[in-house]
Amino acid sequence: MKKFILIALCLSAFVSSLRAQVIRYEDLEKYSKDKYGDKWNDAAENLASEIQLDQNNCLTYVQVIEAGNQTKEQLYVLVNYWVTQQFNDANSVIQLNDKESGTIIVQGYCENIASYGGAAATYYVSIKPTIKVDIKPGKVRVTESIQYYDVKRVDGGIMGAIAGQTEHPVTEYKYLINECYPFVAKDKHISNKKVSSKALIMSNAYENVLIDKLEAAIKNGITGNENDDW
């Protein structure tokens with residue numbers, strides 16, 4: 001019985017550690033507010049002056065993570081396992097997993113990073129980052145790119161609620177980041193600057209938080225207590 005309880009506790013701790021790997025809205029908002037505060041327009045303007053979109057007008061981050069003496073094979077197993085746990089929802093897709101080349105490409109998903117309720121409709125902004133991981137002996141390179149916002153418009157809004165509207169048609173759009181505020185002074189897609197600003201800040205947070213989590217997994221293991229003595 002004691003052995004069973006110990007196993008159950010270990011499994012519970014393991015599951016909790018895996019859940020901790022998943023990037024949640026709360027993680028991104030906390031990261032953003034800790035770093036930039038909650039004045040989204042000012043934060044977005046400052047961020048836009050610090051970063052540069054790549055040649056494809058994507059918000060792209062590249063970082064090399066040093067992995068000590070770990071072999072390519074060891075790193076591949078660890079990163080592959082981390083990826084399967086991190087991107088395990090129906091909206092995420094592993095697009096390439098090539099052990100020989102040491103390359104893994106994933107399309108991630110983070111829902112409703114910003115939203116706005118208007119008089120006629122409510123808008124929800126989500127992102128689908130592309131994450132490419134290249135593995136070599138002793139190092140891992142992460143490249144993350146976000147080209148557009150996935151925007152969902154739900155008709156109705158405040159006026160619809162007042163009128164007792166029961167049907168709420170949904171329309172989906174893809175808005176290129178370089179066409180949205182603060183990269184353009186007048187955003188022709190998202191009329192509310194605060195939404196565009198928060199979308200940029202939260203996208204930046206997603207890319208940074210994901211890299212931090214992967215770096216922690218590479219340096220400390222998935223659960224933090226793996227070793228070769230078993």
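Tyr123 is not listed as a side-chain neighbour of Ile190, based on a closest heavy-atom distance of 4.5 Å or more. Counting only heavy atoms from C-beta outward, the side chains of Val125 and Val195 approach each other to under 4.5 Å. You'll find the side chain of Tyr76 reaches within 4.5 Å of the side chain of Asn97, heavy atoms only. No side-chain heavy atom of Tyr206 sits less than 4.5 Å from a side-chain heavy atom of Asp27.
No side-chain donor from either of Glu179 and Tyr148 sits under 3.5 Å from a side-chain acceptor of the other. Side-chain atoms of Ser115 and Asn112 include no donor-acceptor pair closer than 3.5 Å. Using modelled atom types, one finds no donor on one side chain facing an acceptor on the other under 3.5 Å when comparing Asn192 with Tyr181. Side-chain atoms of Tyr31 and Asn204 include no donor-acceptor pair closer than 3.5 Å. In summary, the side chains of Thr60 and Asp54 do present a donor paired with an acceptor at a separation below 3.5 Å, with no hydrogens or angles considered. Inspection of the Tyr25 and Glu29 side chains reveals an N or O donor paired with an N or O acceptor under 3.5 Å.
The CD1 atom of Ile218 sits 4.0 Å away from the CG atom of Leu214 when rounded to the nearest 0.5 Å. If you take CD on Glu111 and NZ on Lys128, they are separated by 10.5 Å, rounding to the nearest 0.5 Å.
Pairs passing the ring pair (Phe, Tyr, Trp, His ring centres under 6.0 Å) check and including a residue from residues 86-121, sequence neighbours excluded, do not occur.
Side chain of Gln74 to main chain of Thr71: a donor-acceptor pair is present (N/O by atom type, distance under 3.5 Å, no hydrogens or angles).
In this view, Asp134 and Lys132, Arg141 satisfy the salt bridge (Lys or Arg N to Asp or Glu O under 4.0 Å) rule, not counting sequence neighbours.
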